[in-house]
2 protein chains.
Amino acid sequence: MGLRKVGKKLANIQEVAKQARVSVATVSRVLNGQNTVSEKTRKKVEEAIKKLNYEPSMLGRNLRNSESRLFLILIPSISNPFYLEIIKGIEAVAISQNYNILLCETDSNPERENIYFDLVRKKMADGIISMDPTVNIETLKNLSENHAIIQCSEYEEGSGIPYVTIDNEDASYRAVKHLIQIGHKNIALINSDEKYLYARQRKMGYIRALEEYGITLNSQFIILTQHLGFENGQHAMKKLLNLHDRPTAVFAVSDLLAIGALKEIHASRLHVPSDIAVVGFDKIDFSNMTNPTLTTIAQPMYKMGTVAVKMLIDKMNGKEVESIILDHELVVRESTSGQFI
Amino acid sequence: MGLRKVGKKLANIQEVAKQARVSVATVSRVLNGQNTVSEKTRKKVEEAIKKLNYEPSMLGRNLRNSESRLFLILIPSISNPFYLEIIKGIEAVAISQNYNILLCETDSNPERENIYFDLVRKKMADGIISMDPTVNIETLKNLSENHAIIQCSEYEEGSGIPYVTIDNEDASYRAVKHLIQIGHKNIALINSDEKYLYARQRKMGYIRALEEYGITLNSQFIILTQHLGFENGQHAMKKLLNLHDRPTAVFAVSDLLAIGALKEIHASRLHVPSDIAVVGFDKIDFSNMTNPTLTTIAQPMYKMGTVAVKMLIDKMNGKEVESIILDHELVVRESTSGQFI
DNA sequence: TTTGGAAATGTAATCGATTTCATTTAGGCG
DNA sequence: CGCCTAAATGAAATCGATTACATTTCCAAA
């Protein structure tokens, strides 16, 4: 490129060494706070650094140390607020450990995914935290032989890749149990595609709760959606409302789905929770802004993020890493706290 | 660190050269698709690459090229959905140009901000797209002398740093004019702190619309909030509802504020839009999920993102870059489409 | 066959740091 | 004052690529 780049030439460690009349080794030692430098030379070097406005280049350092101090966060879509709180947790720990993150939105697109995997292959990233359920697990397994990888929230059983998650089956069980305990018997499930492990697990929790209370499963009450978006919730709810015997309660496996359901219920001039109670999942920020506010399962997202990074850093340092299951919590709000029956 | 790192040793360009019985220069030429390599040697090299499972290290390449092919996106908070669509636009162009982005959440915290600026100073990032209105503009100006920087959406007048944004004054004017045209005279403004340029601009648009229709300004109708969150909208609306003569319409400078206002209005058993009409700003995804759906000003966020990256890349290549104002649009939805009066 | 010039390839410097190992300096002690 | 050890410093290799410049190879024309 024949184009002039922005900026003047910046000083490098050589020039600092010359300015301070010491060797580059000594400058490097001052930079890295090693204690084998005499007070006098340290002063000299620091003055030279200040005078030349020197900033050590991470490019040189990274090459020498064979690390980028970057890692990837794989998510299917940045629009899904569920991930945001996790990311905050990740960021906090990452920064404190002098790492930075590359937020990678795959759009569930294998090509896109591959671009990001390449970043790891080419040493531009030191590790991966995958939260993408649509990730190509074979590729991930292959990569995990040479690179540090942690699965967060979503995981593949028996992949050998450590994960941090919650007990989805139990969370789902509790959500449904709550609906049963406030008097519901006709409880629908808006689930996502059962190719995802969490979807299968949450369905099992749903079934277990029904069975425990002797409620027979109505297969018409289970709606599967392709994605976890608002519109998917609307469509699913529309189907449920068109049933001859429509449910009196709905458990959706994501808040966005639940909010879509809410909207559709309102559109049919029905009332939540007196006509239909709704429970979501995730406790995203918006679940508290709807009208009525949404009962939901709170995942410890921030914690999940922090734990994931710690596991990743351990893994990068060659330590043995165990998978972790975190606690969840049922948050009862207006969408189920009416006086049903 | 005495700990074993993950993974076996990976091949480097030297070993590929040896395996293919050529020089590293030739391997590099094959890698970079230069045409001065004969078909025969190219084959040899490609076979060696495959055999050794070689992946070129970006660390080496980046050092040699003095670039990281990374740039920073500065945002105050990832929780604000307004930024997400912009980021998608940024990502799309970045990827197509072989760049990756570091999403940097400052939390409006100068320390945090400085960590990210350091990344640029230390050459870990090639440029910055700042969307943070709380950014320290002096530091930004200083940095812009040596580094490529673009301001996106938020900007500082006369900073000399190119920006891409919309005409905030006009957008605000149109929103208020819309409220006037459907019959409102008592129109409140929920604005953010006027230390931000966009807040001052939007206030001016509000005033201009009122003046144009001969409506006298009621200073009690202007509420300033510290942040742009849901709760801030609730609080602001509470103040407005407590006024002796409460407004019949509210224009909030962000959808989140407007959604908070909606919630508060409902809590007071009032109806939108028949009792109070509401207009937001940004057209975030959720503005279409509320009940009623929200009238709002649509910013071309995706476009803004793509434009910002193009400007940044031009800037990095030393081209002269002009600031750009993009178009906006009023989107009328349920929160103002009732038959008021 | 010779030769000129283009095409192909190789050598070695370079990017900017860290680190090993060698060497110098300082200081305490007899 | 000389000696020994520990502390301080420096020289040079190294990380893994790119590339300017030098050299070799190839082929067509004379």
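Residue numbers begin at 1 in each chain, while the letters A, B, ... track the order of the sequences. This is a predicted model, so every value here is computed, not measured.
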Separation of atom CZ in B:Arg61 from atom C1' in C:dG16, rounded to whole Å: 18 Å
Sugar-phosphate, base or nothing in reach of B:Val37, heavy atoms under 4.0 Å: sugar-phosphate
For B:Ile86 against B:Met304, the heavy-atom pair lying closest together: CD1-SD, 4.2 Å
Rounded distance (Å) that lies between atom C1' of D:dG16 and atom CD of A:Glu67: 15 Å
Any residue meeting side-chain hydrogen bond (donor to acceptor under 3.5 Å, both in side chains) with A:Lys88, in chain and number order, not counting sequence neighbours: B:Ser79, B:Glu105
Touch class at under 4.0 angstrom, heavy-atom based, for B:Ser57 against every strand present: sugar-phosphate
Protein-nucleotide distance (A:Glu55, atom CD; C:dG16, atom P), rounded to Å: 14 Å
Residue mapping more 5' on DNA chain C - nearest nucleotide basis, A:Gln34 or A:Gly60: A:Gly60
All N/O pairs under 3.5 Å across the protein-nucleotides 10-14 of chain C interface:
from: C:dG10; atom 1: OP2; to: B:Ser23; atom 2: N; distance (Å): 2.7
from: C:dG10; atom 1: OP2; to: B:Ser23; atom 2: OG; distance (Å): 3.2
from: C:dG10; atom 1: OP2; to: B:Thr26; atom 2: OG1; distance (Å): 2.8
from: C:dG10; atom 1: N7; to: B:Arg29; atom 2: NH1; distance (Å): 3.4
from: C:dG10; atom 1: O6; to: B:Arg29; atom 2: NH2; distance (Å): 2.5
from: C:dT14; atom 1: O2; to: B:Arg64; atom 2: NH1; distance (Å): 2.7

B:Tyr163 and B:Tyr155 aromatic ring geometry - parallel, tilted or perpendicular at 30°/60° bounds: parallel
Protein-nucleotide distance (A:Gln14, atom CD; D:dG10, atom C1'), rounded to Å: 13 Å
For atom NZ of A:Lys18 and atom P of C:dG16, their distance in whole Å: 13 Å
Any residue meeting side-chain hydrogen bond (donor to acceptor under 3.5 Å, both in side chains) with B:Thr306, in chain and number order, not counting sequence neighbours: none
Contact under 4.0 Å: B:Ser38 side-chain N or O vs C:dA7 OP1/OP2: no
Validation row: A:Met124, B:Asn62 side chains within 4.5 angstrom (heavy atoms): yes
Pairwise side-chain contact, B:Ile150 with B:Ile128, heavy-atom cut-off 4.5 Å (strictly under): no
Whole-Å gap separating C1' (D:dC15) and CG (A:Asn62): 11 Å
A:Asn65 side-chain proximity, nearest of D:dT18, C:dT19, C:dA17: C:dT19
Nearest-angstrom distance from the residue atom CD1 of A:Ile13 to P of D:dT9: 15 Å
A:Thr36 side chain, from C-beta outward: closest of C:dT19, D:dT9, D:dC15: D:dT9
Distance in angstrom units between B:Leu59 CG and D:dT14 C1', rounded: 14 Å
Sugar-phosphate only, base, or nothing, as touched by B:Leu63 at under 4.0 Å among non-hydrogen atoms: base
Side-chain donor-acceptor pair present, B:Glu154, B:Thr165, cut-off under 3.5 Å: no
